Each structure stands twice: as structure tokens, then as C-alpha cells.
Amino acid sequence: MFNADFTDNLSSQKQSTNNVVVDDDVPVVDMTPTFSPVGSTYGDRAKEDGQYIAMEYDGVRPLPFASQDENNNNAGFAPSVMSSVMTAEGLADPAGFLIICCVVLIGDMNRGVLFPIMWPLVQELGGNAVWLGYAVGSFSFGRIIASPTLGKWSIEYGYSKTLVTSTLIMLVGCIFFANVYSVGNLYFLVFSQIVLGIGSATLGVTRAYVAEITATRQRTTYIALLTAVQYGGFTVTPIFGAFFMWILQNRRYEVGFFVFDQYSAAAYFMVSLCGITLFLLMTRFQARYRTKPAAKSKKSSRTAERDELADRTTFLGITTYSAALLGCMLLNVSTKGSIGSFETMGISFAESHFGLQPEVAGLIVSLNGMIGVGFLLGMGTLGKFLTDVQMILGGIFVCALGIISFAAIDSVENGADNSIYHYIIGIFMIYGVGYPIGHTAVIGLFSKVVGRRPQGTLQGYFASAGSLARILFPIMSGYIAHYDSLNTVFIVLFVNLVVSNCFVAICRKTLEALSV
């Protein structure tokens with residue numbers, strides 16, 4: 001909504017055609033009858049989008065007017081502005097946001113639904129923990145090679161074409177995975193995972209879209225909602241994979257060329273979801289095209305101070321801004337890598353140290369994932385009391401405690417009788433609290449540091465950094481577990497998170513200043 005001072009001074013502003021300066025994070029609603037609005041970041045090709053709410057402007061921007069009165073004075077805002085549902089405090093494109101959530105959901109459901117299936121499938125094909133690491137890491141390999149390209153495409157060709165293309169690739173990848181057991185080859189499993197990774201490499205694109213349709217001060221809230229969908233896709237949906245494994249165990253059905261068994265049914269389920277999402281993208285999603293914003297003739301004092309800090313040269317020989325972006329990417333690697341290792345070792349660890357079946361372990365992860373989604377949905381409230389940096393510190397700390405709690409226990413094979421409650425509490429700290437809060441705050445911090453620059457490409461690189469972690473950490477964990485022990489894996493992950501938190505604590509003031 002408009003702040004009080006802005007509305008109170010509206011009548012005096014109508015008497016002048018001069019530009020006005022508004023605060024950095026107070027978005028201005030442009031309800032002019034033509035598209036694109038004055039100063040809009042979208043080009044003429046997006047005219048079919050209709051009216052657009054320009055969410056963020058810094059420094060000087062023209063005051064939008066609906067018409068002029070008989071004295072040729074600006075007549076002010078259209079009456080519909082005050083009653084518009086899409087206010088400056090909300091989303092510029094609510095329907096688009098929901099479809100974006102669908103894209104993110106199926107992208108990580110391909111990881112989540114297949115989570116309880118992966119280890120039994122690798123074993124069935126004759127693989128070991130090392131092959132499991134390659135199978136999990138190959139998904140992220142696909143993401144890392146495609147994310148920067150899709151980010152650039154979102155700027156050059158628009159979000160709609162980019163997302164339709166990636167979803168089609170994802171659908172093909174699901175079909176490939178459904179036939180892995182029939183082919184009976186571990187290399188084909190890795191190939192299908194790469195194709196799935198390429199198709200789901202749109203995290204940078206979707207985050208850039210959300211960043212462009214939200215105000216800076218509300219960005220973490222909406223990024224958290226998007227991350228809640230992503231996190232739910234990964235951590236809650238393993239229950240579907242566990243269900244398919246349970247109901248189709250030792251059963252096989254053939255319908256023409258299609259074979260349904262405990263390893264393929266989940267993939268065909270994902271094929272149907274990809275089809276639904278494609279339909280929404282092609283029929284309901286409005287294309288947007290990003291162009292360079294108009295040059296600004298004046299900056300507010302706060303922006304000038306932030307830019308001065310961002311342009312300072314650090315001891316690394318790069319600017320503070322570049323160093324902050326690099327630091328956020330490293331934090332992304334640290335947190336994503338840790339959860340990637342659990343994605344790799346989680347099922348085998350539950351079996352070897354707690355005697356749990358894959359279906360039970362998948363159910364525990366899913367339930368704690370639901371709790372994590374609940375925390376993500378409450379990030380807006382949490383953000384009223386804590387900064388992004390504080391949430392990063394707290395989230396990583398809790399995640400590290402959950403990980404180190406597993407480092408001292410022995411396996412069932414060696415006679416250990418570990419309580420299932422220990423597993424539940426540890427997974428709760430990692431999946432239910434630590435990772436969802438800490439990692440989401442990292443995403444929000446990165447988006448705020450980027451600011452008003454085009455985010456598609458940078459978000460693509462950010463997503464690639466996370467995907468790189470999901471390649472390196474699972475493979476590393478597989479080798480350590482195979483040649484040493486899982487206990488050593490947990491110690492390495494704990495040290496990694498502690499070092500990350502030290503970095504955040506040391507650079508806390510700079511990160512907070514750049515993310516205002």
C-alpha cells in the first residue's frame with residue numbers, strides 16, 4: 001500500500017511535472033493505460049501482458065499519471081489504483097507466480113520422488129555407494145551445465161519460451177528414467193539423471209522472475225515461499241516414491257511399450273505432472289521480456305552510500321560487491337553440498353545404522369520436510385525479528401548440530417542398537433529447521449545484494465554453484481563412505497558448516513549493508 005506521506009503529498013505533486021525521488025524499497029504502482037509503464041524494465045514485446053506494476057525504482061522516476069485535467073495539469077492516479085488487488089506490497093503477477101511454483105515443484109520432485117528408489121535401483125543394477133554418488137551427482141551436473149544458459153535465455157527470449165523448453169526436456173528425462181531398470185545399465189541411469197538435471201535447471205530463472213515482480217523489502221518473504229515449494233518437492237514427496245515401492249514391490253505390469261514396476265511407476269507419475277505444467281505454461285503464463293532499465297539522473301542518499309561501499313576494492317583485488325556475491329555463492333555450495341550428501345547417504349545410513357527400510361526412512365524425511373516447509377512459510381514473520389544474516393547463522397548452526405550428532409554412532413552390523421528417535425531428531429534438525437531456514441536466507445541475501453541489476457544470468461550462476469556442490473559433495477561422500485566410514489563424512493560436513501558460519505560472522509556488517 002502507499003505510505004501515508006506519499007498519499008498526503010499527492011495533491012501537491014499533481015501541480016508539477018518535475019520528477020520525484022522515492023525511497024529505495026518503496027515500490028511505485030504504475031497504472032497508466034499503456035504498456036510498458038514509464039521506466040519499466042520490460043520491452044514492447046511484452047505488451048500482451050497488460051498493465052504491469054513497476055515494483056522497484058531507485059532515485060528519480062517520473063510520477064505516473066492516468067490523464068491530465070482541463071488545465072493541462074497532471075490529474076493523478078486512476079481511482080482503481082487504491083483498490084487494486086495487486087498492490088505495491090504484493091506481487092505484480094500472482095498467476096505467474098503460482099505457475100512458477102509449479103515449475104519449481106516438479107523440478108525438485110524429480111529429485112524427491114526418486115529419493116527412496118535410487119539406492120535400491122543402484123543395488124539392483126550392480127552398483128555400490130560410489131555409483132550412488134555418481135547417480136545423484138549427475139542430476140546436479142545437468143543443472144550446472146544448463147543453468148547459466150537458461151538464465152541468459154530468460155533475458156534474451158523471455159521466461160515463457162525458456163520454461164516451456166526446459167519442461168519438455170524434463171518430461172523426456174522422466175521417460176528415460178522410467179526405462180532404466182528395463183535397460184539394466186548404470187550408465188543409462190547416469191544419462192537419464194543428467195537429462196532430468198538439464199530440464200530442471202530453472203532455479204535461477206524462477207528466482208529472477210520472482211525478484212522482478214516483488215519489492216526489495218518483501219523479496220525474502222516471496223523467495224521463501226518459492227523455496228518452500230522447492231523444498232517440499234525434494235523433502236516431502238519421497239513419500240510418493242516410498243508408496244510406489246511398497247505397493248508395486250515384486251510386481252510388474254506391462255501395457256504396450258510401458259512397463260510399470262517399483263522402479264518406473266514414480267517416473268511415469270512425474271511424466272504426467274510435467275504434462276500438466278506444460279499445459280499451464282503454454283495457455284496461462286504471460287510472457288515477459290527483460291530489457292535494460294532507463295538511466296537514472298539521481299540517486300537517493302542510501303543508494304549512494306551502498307554503491308560507494310559496493311565499489312570499494314577488497315584485499316582480494318575485487319570489489320566488495322563482487323566479493324559479497326562470491327561469498328553468497330560459496331555459502332550456497334556449503335549448504336547445498338551438505339544436504340546433497342544426505343541425499344546420497346541418507347537411505348543407506350538409515351539401513352546400516354538404524355536398521356530402517358527405505359520406505360520408513362523416506363517417510364521420516366518426508367514428515368520432517370513438511371515441518372521445514374512450515375518454517376519456510378513463516379519466514380515472513382521470522383524476517384520481522386531477524387535479518388537474513390542472523391537467519392543464516394542460526395540455520396547453519398542447527399544443521400551442523402544435527403549432522404555431528406550422527407558422527408559418533410556405530411553401525412547395526414557391529415552390534416549397535418541405535419534408537420530410531422536419534423535418527424528422527426537428527427533429521428529434524430537438518431531437514432526440519434537448519435537447512436530450510438539457513439539456505440533460504442542465503443538465497444534471499446544473494447538476491448538483495450544483486451539488487452536491481454538483471455538477475456537472470458547471476459541467478460543462473462548462483463544455481464550452478466549449488467549444483468556444483470551437489471556434484472562434488474555426493475561423490476566425495478560416496479568415496480569416503482566406501483573407503484573409510486560414514487562417521488568421517490559427518491565430521492567433514494560439520495567442519496564445512498562451521499567454517500561457513502565463521503565467514504558469515506566476520507563479514508556480517510558488510511553483508512547487511514549491501515542487502516538493505
Side-chain angles (χ1 to χ4, degrees), residues 107-147 169-170 172-201 203 234 238 241 245 262-264 266-267 270 332-352 358 361-362 365 463-490 492-493 496:
D108 269 72
M109 278 185 73
N110 279 307
R111 190 195 296 273
V113 171
L114 304 179
F115 174 72
I117 298 172
M118 193 66 68
W119 174 236
L121 178 58
V122 169
Q123 288 181 308
E124 191 70 26
L125 297 176
N128 54 23
V130 175
W131 269 106
L132 177 63
Y134 283 120
V136 174
S138 58
F139 183 94
S140 296
F141 176 73
R143 277 189 167 178
I144 198 173
I145 62 177
S147 289
I169 296 173
M170 195 189 311
V172 172
C174 291
I175 295 175
F176 285 165
F177 189 94
N179 290 277
V180 167
Y181 183 67
S182 298
V183 174
N185 189 290
L186 285 165
Y187 289 101
F188 189 71
L189 170 62
V190 171
F191 173 72
S192 67
Q193 284 283 89
I194 292 175
V195 176
L196 281 173
I198 293 174
S200 63
L203 289 177
F234 165 55
M245 284 202 67
Q262 62 190 36
Y263 302 117
S264 64
M270 291 306 307
N332 190 28
V333 169
S334 175
T335 53
K336 272 283 185 69
S338 298
I339 208 68
S341 292
F342 264 91
E343 178 186 355
T344 308
M345 300 287 107
I347 297 298
S348 61
F349 172 68
E351 282 184 321
S352 62
V365 171
S464 292
S467 297
L468 177 64
R470 283 187 178 270
I471 296 172
L472 298 180
F473 277 69
I475 293 176
M476 173 201 71
S477 299
Y479 274 105
I480 293 176
H482 184 69
Y483 292 105
D484 196 337
S485 67
L486 278 170
N487 303 76
T488 306
V489 174
F490 297 138
V492 170
L493 296 179
N496 161 66

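Treat the numbers as computed from the prediction; the structure is a model and nothing was measured.
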Smallest separation among heavy atoms of Ala481 and Val489, with atom names: N-CG2, 4.0 Å
Qualifying residue, where the test is side-chain contact (heavy atoms from CB on, under 4.5 Å) with Val122 and the options are Ile117, Val130, Leu189: Leu189
Spacing of CG belonging to Leu121 relative to OG belonging to Ser264, to within rounding of 0.5 Å: 10.0 Å
Residues Asp108, Arg143: salt bridge by 4.0 Å N-O rule: yes
Aromatic ring pairing Phe191/Phe176, orientation class (parallel under 30°, perpendicular over 60°, tilted between): tilted
Heavy-atom closest pair, residues Gly173 and Leu196: C-CD2, 3.6 Å
Asn128 side chain to Trp131 backbone, donor-acceptor under 3.5 Å: yes
Side chains of Ser182 and Tyr263 in contact at under 4.5 Å (non-hydrogen atoms): no
Contact summary for Pro116 and Pro238, nearest pair of heavy atoms: CG-O, 3.4 Å
Derivation of the side chain to side chain contact (heavy atoms under 4.5 Å, CB included) call for Asn110 and Phe139: CA-CA 9 Å; Asn110 279 307; Phe139 183 94; 4.2 Å; yes
Nearest-0.5 Å distance, CG of residue Leu203 to CG of residue Asn332: 9.5 Å
Closest non-hydrogen atom pair between Ile475 and Gly133, with its separation: CG1-O, 3.8 Å
Side-chain heavy-atom pair Met270, Phe177 within 4.5 angstrom cut-off: no
Main-chain N/O of Ile144 paired to Ser147 side chain as donor or acceptor, under 3.5 Å: no
Flag for Thr488-Ser485: side-chain donor and acceptor within less than 3.5 Å: yes
Rounded distance (nearest 0.5 Å) linking atom CD1 of Ile175 with atom OG of Ser192: 12.0 Å
N/O donor-acceptor pair under 3.5 Å between Gln193 side chain and Ser138 backbone: no
The single option from Val190, Ile471, Ile198, Val136 passing side-chain contact (heavy atoms from CB on, under 4.5 Å) against Phe141: Ile471
Parallel, tilted or perpendicular: ring planes of Phe349 versus Phe490, cut at 30 and 60 degrees: perpendicular
For Pro474 against Gly340, the heavy-atom pair lying closest together: CG-O, 3.8 Å
Nearest heavy-atom neighbours spanning Ser341 and Ser477: OG-OG, 2.8 Å
Test log, rule side chain to side chain contact (heavy atoms under 4.5 Å, CB included), inputs Leu125 and Asn185: CA-CA 7 Å; Leu125 297 176; Asn185 189 290; over 6 Å; no
Tyr479 OH to Tyr134 OH distance, which is reported to the nearest 0.5 Å: 3.0 Å
Stepwise side chain to side chain contact (heavy atoms under 4.5 Å, CB included) check, Arg111 with Arg470: CA-CA 12 Å; Arg111 190 195 296 273; Arg470 283 187 178 270; 3.2 Å; yes
Spacing of Cys174 atom SG and Asn179 atom CG [to the nearest 0.5 Å]: 11.5 Å
Lys336 NZ to Leu472 CG distance, which is reported to the nearest 0.5 Å: 13.5 Å
